[in-house]
Amino acid sequence: MMKTVTTVALVIMVFLLIGGLVFREALSDFIDSMRADRPEAVIHFGKALDPSGRAVLNPTTFFQLGENVAWVVSFQTGVQARELVVALFEVTRDGAEIPLDKNKMTVEPTDEGAYNLAPTQVFWSLSPKDPDATHRTYRVKYLRDRVVAQGDFSIGLSAKGPP
């Protein structure tokens, strides 16, 4: 009985060792894809875009209703895809994400980034109606097969930042 258990345990260990060696790269890629601390790109927010579209002007993550929200997402090694999905969420006070919008965009794999510019009213109008809201926080995510960039910004009814 003990020899059988030992033999089965050894067979399982050999199988895991061989499987780990054969699928090492796939396993490593899967584990890396789950790490939130290694984004492939960074999102910078501001009130305008520079003429090249590669940088924001007046950097900030807090906007007043009536201003423009600009952002530039910069990839460290190129987009490496032909298509990205851009998803917009409202972030509730308890941290939950409410999906608001999602769009596919065509890109070149060698592109180093993407940009967006929109009035704050566009984002505010997508949010669930809450007449008592004095500010709202939004999250932008860029996705391929996983989240490759993420950033948050807030919009308020006054110049005072979110509480």
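Below, each value reflects all heavy atoms present in this structure, side chains not excepted, and no hydrogens, waters or symmetry copies. All residue numbers refer to positions in the sequence shown, counting from 1. From a predicted model like this one, the values you see are computed outputs, not experimental measurements.
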* Pairwise side-chain hydrogen bond (donor to acceptor under 3.5 Å, both in side chains) hits with a residue in residues 72-89, at least two apart -> Thr77-Gln80, Arg82-Glu108
* Taking all non-hydrogen atoms of both residues into account, name the closest pair between Leu157 and Ala133 and its distance. => CD1-O, 3.3 Å
* **Side chain to side chain, Ile43 and Val140, heavy atoms closer than 4.5 Å** => yes
* Asked: What heavy-atom pair brings Val147 and Lys141 nearest, and what distance separates the two atoms?
  -> CG2-CD, 4.1 Å
* What distance do Leu49 atom CG and Asn58 atom CG have between them, rounded to the nearest 0.5 Å? -> 11.0 Å
* **By side-chain contact (heavy atoms from CB on, under 4.5 Å) - contacts of Ile98 (at least two apart)** => Glu90, Thr92, Leu100, Pro128
* In Å, rounded to the nearest 0.5 Å, how long is the span from OG of Ser154 to CD of Gln64? -> 12.5 Å
* To do: Taking the side chain as every heavy atom from C-beta outward, state whether Phe45 and Phe62 have any pair of such atoms under 4.5 Å apart.
  => no
* Can you measure from CZ (Phe89) to CD (Glu97) and round to the nearest 0.5 angstrom? => 5.0 Å
* For Asp111, what residues pass the side chain to side chain donor-acceptor pair (under 3.5 Å) criterion, not counting sequence neighbours? -> none
* Can we call the ring centroids of Phe123 and Phe63 under 6.0 Å apart? -> no
* To do: Scan residues 117-129 for pairs that pass salt bridge (charged side-chain N to carboxylate O under 4.0 Å, His left out), counting only residues two or more places apart or in two chains.
  => none
* **Residues forming a side-chain contact (heavy atoms from CB on, under 4.5 Å) with Val85, sequence neighbours excluded** => Lys102, Lys104, Leu143
* About how many Å separate CG of Asp152 and OG1 of Thr61, when rounded to the nearest 0.5 Å? -> 8.5 Å
* Determine whether Val107 and Phe75 make a side-chain contact, defined as any pair of heavy atoms from C-beta on separated by less than 4.5 Å. => no
* Asked: Side chains of Ser127 and Tyr138: closer than 4.5 Å at any heavy-atom pair?
  -> yes
* To do: With the side chain counted from C-beta on, respond yes when Tyr142 and Gln150 share a heavy-atom pair under 4.5 Å apart, and no when they do not.
  => no
* So do Asp101 and Asn103 actually touch side chain to side chain, heavy atoms under 4.5 Å? -> yes
* Any salt bridge (charged side-chain N to carboxylate O under 4.0 Å, His left out) involving residues 45-69? Give me the pairs, sequence neighbours left out, ordered by first then second residue. => Lys47-Glu67, Arg54-Glu112
* Decide yes or no for Asn68 and Pro119: does some side-chain heavy atom of the first lie under 4.5 Å from some side-chain heavy atom of the second? => yes
